[in-house]
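Accompanying notes for the structure given below.
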Amino acid sequence: MKYYLIAGEASGDLHGANLMKALKERDNEADFRFFGGDLMKAEGGTIVKHFADMAFMGFFEVAANLNTILNNLKFCKADIAAWQPDVLVLIDFPGFNLKIAEFAKKNGLLVCFYISPKVWAWNQKRVLKIKRIVDHLFCILPFEVDFYRKWGMEVDYVGNPLLDAVAAFKPDESFLEKHQLTGQKIIALLPGSRRQEISRLLPEMISVAEQFPGYRFVVAGAPSFKPEYYEQFIHQKNIPVIFNSTYDLLSHADAAVVASGTAVLETALFNVPELLVYKGHPISIGIARAVIKIRFIGLVNLIMDETVIKELIQQDCTPENIAAELDNILNNKSYREKMLANYDRLDEKMGKPGASAKTAALIIKYASKK
């Protein structure tokens, strides 16, 4: 079958690659065309556009890049229409993908949406549109099934694909030696994969390094950027940037400072005590606070429905607060042990790997019936 996939950010590239792998195992004639990244590209098929040209986050940032987004939408629609896939698989990235879903539905294509838009967070009436334009929705958070059912929509719960990625991870035994980190205590810095995130968060993260002389701060570089991009923030400090080895970095880290997003949950799954940081454009944050009706923004806290990790957002995201929380994580034994105990509870709640395989099997099943 012909599968057209769209992932617009680094996490979607990861989940898309694992899904493609699972589809190939079940469909010997799988043919892929996609918007995605390097991980999806490694699975074969044709990459049409890299997510690095598409990832804009925040109301203001989207408005500022509206022409680029509209051109990407126009190009994507034309490419889908020309290729005529058997099934369209949209991976997260709802601002873009829901518009593509509407187009595809009008043109008689089977629309599968992998990783539900977070409609439970704000403007819940969007579910009515999703019911109309999405044929099959695959959810990765347990509470989403009941949420959609309340709106009269049946969805498939497949589990969380991050469990697949973590389970498939094979450590690089030479990682520490290769990056001259042998014998050092490590604090991992994960500033995100978008230009706006990195430019706002990395300077704050780096600014506290001198307060922890017994630790080596190490940045997880986003694969869509070159080392030179990070140098403008690091200013020749002894802080390495390591690419394509985030899981190896986390597996050796004593603590982590992590930008809000999928990486927050990944860090917890690696049992690394962490704090969440986030800064957006003031206009974007103001709008978000007015419309979003949830207590937390971090996936760890959302899943557990309680404060497991500290969230430092906007004006709270300061070097002073980052340093204070890092000190707690590293030096307050009871505080650290409580976080790790909560991670054990999180593991129980998350369940077992298998989301990619379940989703692939369901996509093939639904596409075969079309």
Side-chain angles (χ1 to χ4, degrees), residues 141-143 160 162-163 165-167 169 171 175-176 181-192 201-220 239 242 246-279 294-352:
L141 298 173
F143 62 81
N160 200 297
L162 280 183
L163 295 171
V166 173
F169 167 63
F175 174 79
L176 293 175
L181 296 169
T182 304
Q184 300 187 46
K185 295 180 178 179
I186 295 171
I187 295 176
L189 305 180
L190 281 66
L201 295 174
L202 189 54
E204 307 284 18
M205 293 177 171
I206 289 171
S207 69
V208 307
E210 292 177 2
Q211 298 180 51
F212 298 88
Y215 292 86
R216 188 77 181 275
F217 281 60
V218 182
V219 178
I239 298 176
I242 297 176
T246 300
Y247 284 5
D248 280 301
L249 175 59
L250 288 174
S251 67
H252 292 286
D254 293 275
V257 186
V258 186
S260 177
T262 305
V264 171
L265 183 54
E266 288 175 297
T267 301
L269 292 174
F270 273 91
N271 231 33
V272 181
E274 65 178 312
L275 62 140
L276 177 156
V277 293
Y278 185 73
K279 272 189 172 182
I294 51 176
R295 294 163 60 202
F296 310 109
I297 67 168
L299 278 173
V300 172
N301 293 342
L302 278 167
I303 292 168
M304 297 300 291
D305 197 28
E306 63 181 274
T307 301
V308 174
I309 62 171
K310 189 89 166 181
E311 298 185 354
L312 299 178
I313 304 167
Q314 207 63 0
Q315 70 271 17
D316 293 328
C317 182
T318 64
E320 293 77 18
N321 287 342
I322 292 171
E325 183 60 15
L326 263 182
D327 184 59
N328 256 340
I329 287 171
L330 294 168
N331 301 315
N332 185 328
K333 186 178 178 182
S334 62
Y335 187 85
R336 184 181 179 89
E337 286 178 349
K338 181 181 178 183
M339 188 179 293
L340 291 172
N342 282 327
Y343 283 179
D344 289 340
R345 293 171 50 228
L346 173 69
D347 286 342
E348 290 175 17
K349 208 162 193 174
M350 290 286 291
K352 303 292 183 186

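Fair warning: this is a prediction, and the values are worked out from it, not measured in the lab. Heavy atoms only: backbone and side chains are in, while hydrogens, waters and symmetry mates are out.
- Among residues two or more places apart in sequence or in another chain, the side-chain hydrogen bond (donor to acceptor under 3.5 Å, both in side chains) test is passed with Asn301 by Glu311.
- Considering OH of Tyr278 and CD1 of Ile297, their distance stands at 7.5 Å, rounded to 0.5 Å.
- Under the side-chain hydrogen bond (donor to acceptor under 3.5 Å, both in side chains) criterion, Asp344 pairs with no residue, sequence neighbours left out.
- The minimum heavy-atom distance linking Asn332 with Ser334 is given by the pair OD1-OG, 3.0 Å.
- Between the CG atom in Leu190 and the CG atom in Leu202 there is a gap of 10.5 Å [rounded to 0.5 Å].
- Using modelled atom types, one side-chain atom of Lys349 and one backbone atom of Ile303 make a donor-acceptor pair closer than 3.5 Å.
- Between Arg216 atom CZ and Ile239 atom CD1 the span is 8.5 Å, to the nearest 0.5 Å.
- To the nearest 0.5 Å, atoms CZ (Phe169) and CG (Leu269) are separated by 13.0 Å.
- The distance from atom CD of Glu274 to atom CD1 of Ile309, rounded to the nearest 0.5 Å, is 4.0 Å.
- Phe175 places a side-chain heavy atom less than 4.5 Å from the side chain of Ile242.
- Each side chain to side chain donor-acceptor pair (under 3.5 Å) pair with one or both residues in residues 263-272, not counting sequence neighbours, appears once here: Tyr247-Glu266.
- By the salt bridge (Lys or Arg N to Asp or Glu O under 4.0 Å) test, Asp347 pairs with no residue at all, sequence neighbours left out.
- Considering only heavy atoms from C-beta on, Val308 stays 4.5 Å or farther from Leu346 through its side chain.
- Annotation: side chain of Val277 is in contact with side chain of Leu312 (closest heavy-atom distance under 4.5 Å).
- Listed for the Arg336 side chain is a donor-acceptor partner under 3.5 Å among the backbone atoms of Ile329.
- Remark: Arg345 pairs with Glu306 by the salt bridge (Lys or Arg N to Asp or Glu O under 4.0 Å) rule, at least two apart or across chains.
- None of Leu163, Val166, Val300 except one satisfies the side-chain contact (heavy atoms from CB on, under 4.5 Å) rule with Leu265; the exception is Val300.
- Applying the side chain to side chain contact (heavy atoms under 4.5 Å, CB included) rule to Lys338 yields the partners Asn342; only residues at least two apart in sequence or on another chain are considered.
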(request) Might you work through the side-chain contact (heavy atoms from CB on, under 4.5 Å) test for Leu276 and Phe296, ending with a clear yes or no? (result) CA-CA 11 Å; Leu276 177 156; Phe296 310 109; over 6 Å; no
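- In terms of the side-chain hydrogen bond (donor to acceptor under 3.5 Å, both in side chains) criterion, Asp248 has no residue partners (sequence neighbours excluded).
- Between the side chain of Asn321 and the main chain of Asp316, a donor-acceptor pair closer than 3.5 Å is present.
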(request) Would you please test His252 and Leu181 for side-chain contact (heavy atoms from CB on, under 4.5 Å) and show each step? (result) CA-CA 10 Å; His252 292 286; Leu181 296 169; over 6 Å; no
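- Legend: residues meeting side-chain hydrogen bond (donor to acceptor under 3.5 Å, both in side chains) with Glu337, ordered by chain and number and at least two apart, are absent.
- Rounding to the nearest 0.5 angstrom, the gap separating the CD atom in Gln211 from the CD1 atom in Ile322 is 10.0 Å.
- Taking Pro319 as the reference, Glu204, Ser207, Val208 meet the side chain to side chain contact (heavy atoms under 4.5 Å, CB included) condition, with sequence neighbours excluded.
- Between Leu330 and Ile187 the shortest side-chain heavy-atom distance falls below 4.5 Å.
- For Glu320, there are no salt bridge (Lys or Arg N to Asp or Glu O under 4.0 Å) partners, not counting sequence neighbours.
- Every residue meeting the side chain to side chain contact (heavy atoms under 4.5 Å, CB included) condition with Ala253, not counting sequence neighbours, appears here in chain and number order: Ile186, Ala188, Val272.
- Gln314 and Lys279 get closest at one heavy-atom pair: OE1-CA, 3.4 Å.
- Applying the ring pair (Phe, Tyr, Trp, His ring centres under 6.0 Å) rule to pairs touching residues 328-349 yields nothing, sequence neighbours excluded.
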